[in-house]
Amino acid sequence: MKILGCFKVVPDLDLIVEEDWNIENHLHIDTGYAKLIWNCFDEGALEMMLRLSDLSEGLNVVYKLSALTIGRQKTESFLKTLYALGFSEGARICVEEEEEILFSPEMISEGIANYVKKIEGQDVILTGIQSSDGNNKMTPYLLAEKFGWPCITQVIGLEPIDEEQLKVTSQVSGGCIVRKVKTPCVLATGNAPCSYLRIPTLKAKMKLGKRPVTRLMPEDMGMSETAESVRVTALNPINRKRNTVVIEADSPQEKARCLYEKYLKERLSEL
Amino acid sequence: MAIISREQIVEGLEEILGKEQVITDEQVLKESSLDRYRKYEQVCEVYTQPIPAAVVYVKSTQEVADVLSFANENEINVVPRTGHSAIEGGLETALKDSIVIDGSTMNKVIKVDEYNMQVTCQCGVPLQELDDMLRERGYTTGHSPQSKPLAQIGGLVATRSIGQFSTLYGGIEDMIVGMEAVFPNGKVCRIKNVPRRAAGPDIRHIICGNEGAICFITEVTLKLFKWQPQNNRYIGYKLDDEYMKLGFDCLREVMVEGYKPSFARLYDAADAQQHFSAWLEEGKAILIWMAEGPANITPAIEEGIKGLMSKHPELEEVDPALIEKWYGGLNWGPEQIAEEKEEILATRNIGITTEVSGSWDNIYEIYKTACDRILEEVPDMTLMGGHSSHSYINGTNMYFVYYYNVVDCAPEEEINKYHDRINQIICEQVIKYGGSIVHHHGLGKARAKYVTQEYGSSYYMLKTLKQAFDPNGIMNMGTLIPLRK
């Protein structure tokens, strides 16, 4: 079974200094200095693929894992990490100005779809549900629509069945649902329990991580012609500041009493 | 070892402090039996060290004196602590039925003396809060270790801490003025606040760096400096990793020519990718400096450093804004620790650091040979690198950074299979080339076993100090001086 993991490399937004969130009248946040990390939902998806492969040991199913990303050259080191973890194919659609596709899930899904058509025979496309910077939350749905494949989101677990089916566990409101899914299909992970990707050893990186990455141009993947149906016109930061009252008193007991009398007593009586 | 029972220890402490200040909750005791040296055991919640009898929260110098006197009379091991951010085993309770004395409740800033440029505070004042408060007034302690969001003043002095701006302000030993400390027999000693004195040995250094093995620090006066971030200048260059030797020489050049940047750093390629992966190519090391101080000084430092570096064609200048913004997110706080725990549990991949120092003529060999040996001899390594972050006229430090996967190994065995082994290799290479095995985290218990090699003939002085001030052997036993097997 051939499984393609589609992932995005994103800046670590925790490292963005406060003043850079003050966007004012432009549509760009400077994240160029923040270290690069796996998009958290995609990271969970890639680890899920490896776990599925681990589970297939001793069974009559062989999983061929490949990965695709769209981004600048710096993202290739992430593909090489996947090589070191056992992925057999790694490809990058070369988009050096990532800002240009940040809010364009149509272009992204078009690029992925054309790559899938190009390499042929993919049984499963696995992605994260959204990226931490674009937050469009549309790519898996658009992909499923393009291919006419079923799409399951909020996937939290995959188990092998045979060459044509997977056991897919996904979160639904109030619980989990386990389904046998016939491939081909599109799967998207949300808050997966295994959200961290395992780390390859330096020896594995030396042995497996040096294979070249397949580079594809966006125009060859049909991305240039894709018309954007949605255009961003404004970005506004969320004001997370809260009003705060500092309780002044001589002892913790007095502070607790003051907290109770002034702020909690009335509310608690309403419960 | 205590000559009274665990129950009697708790009863005695409750008589001194009252029940509220004596904690015997099992989980608290377990978590107080170790520090971040046993990070893997800590995140797996596996506790291999003797569990202390109690953790006591002290509120005054007198309470510290009373608890120490009680411990001294009953030969109970005592582990002093404040911020609990130690990472070399200094807070491990190595003996049965120890008492952990926590000074974090002694957290008052006693006096900010802007005219004499000094601040006096109790041991449990968090450095972050102190420095934030001072910066609002236009001052700083000049002390900014990566542990700033966690560390408190007592522990910083006890471990002879150093901050990121050390090249300008020095280590904590250069910042301390006077101190108050309590010795195991309950004797309270105050060292007065004066700019300098030549009245015999500098007895502050019996206290500074004692790692809780000689006394309990209750109060510290630190120097103040003007806080002028608007004048900061950042300078950065990238270079091929194979030119690391040149990188050290560049750090040296700046120091030897007499410039005083506030930080001076050299990251090798492996470590650099952990910080600058957004824009730094793989295989590139990076050199960075920050100039801090009056408005007419910092441009001169910047110009001077750039002039020196312009003679090296191997260097390529980087946008200083990238360095400035990176610096804004450098510190290590509770959120990062919680996230790290989750990640370690999920991936069984763990990252550790070990800091050492060397002279200009041996630091490269220390760095290179230790890295090579670790990669050769230790299995499952996923990253091996490091950086120099504190430079002096005569040498610099090396902060080894390493990650490994814990494979086929129970949590309680991890320390032997990986961490101790790596520590051993680093210490062996440092000793072989003539550096110091400890730059700023303290010997703790992890590196105490190398203390005689580190000190050589001067070990006599350290041992005599310990025996003189702690004749009953109750102060953080196993730290500085290893326990006899």
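Convention: sequence-line order gives letters A, B, ...; per-chain numbering from 1.
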Only counting residues at least two apart or in another chain, list the ones meeting ring-ring contact (aromatic ring centres under 6.0 Å, His included) with A/Tyr63.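 With sequence neighbours excluded, A/Tyr63 shows a ring-ring contact (aromatic ring centres under 6.0 Å, His included) to no residue whatsoever.
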Open item on the list: Measuring only between side-chain heavy atoms, which start at C-beta, is B/Thr347 closer than 4.5 Å to A/Leu197?
Closed with: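 The answer is no; the side chains never approach within 4.5 Å.
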Tell me if a side-chain donor or acceptor on [X] pairs with a main-chain N or O of [Y] at a distance below 3.5 Å.
{"X": "B/Asp380", "Y": "A/Thr201", "result": "no"}
{"X": "A/Lys203", "Y": "B/Pro379", "result": "no"}
{"X": "B/Ser277", "Y": "A/Leu36", "result": "yes"}

Under 4.5 Å heavy-atom distance to chain B, tell me which part of A/Ile37 shows up: side chain, backbone, both or neither.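 No part of it gets close to chain B.
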(message) If I measure from the heavy atoms of chain B, does A/Pro11 come under 4.5 Å with its side chain, its backbone, both, or neither?
(response)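 Neither part, no heavy atoms under 4.5 Å.
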Might you point out which heavy atoms bring B/Trp326 and A/Tyr33 nearest each other, and give the distance in Å?
->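 Where B/Trp326 meets A/Tyr33 most closely, the heavy atoms are N-CD1, 4.3 Å.
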Largest heavy-atom contact set with chain A, pairs under 4.5 Å, which of B/Glu281, B/Met384, B/Glu282 |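 The answer is B/Glu282.
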Show which side-chain atoms of residues 245-253 of chain A pair as donor or acceptor with protein atoms under 3.5 Å away, not counting sequence neighbours.
unit_1	atom_1	unit_2	atom_2	d
A/Ser251	OG	A/Glu254	N	3.1

Distance, nearest 0.5 Å, that separates CZ of A/Arg198 from OG1 of B/Thr382: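 A/Arg198 CZ to B/Thr382 OG1: 14.0 Å, rounded to 0.5 Å.
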Which portion of B/Glu335 sits near chain A, non-hydrogen atoms under 4.5 angstrom: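 Interface part for B/Glu335: neither.
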query = Around A/Lys64, counting heavy atoms of other residues, nucleotides and ligands shown, do more than 12 lie under 6.0 Å from its NZ?
reply =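 More than 12 heavy atoms, drawn from other residues, nucleotides or ligands, come within 6.0 Å of this atom.
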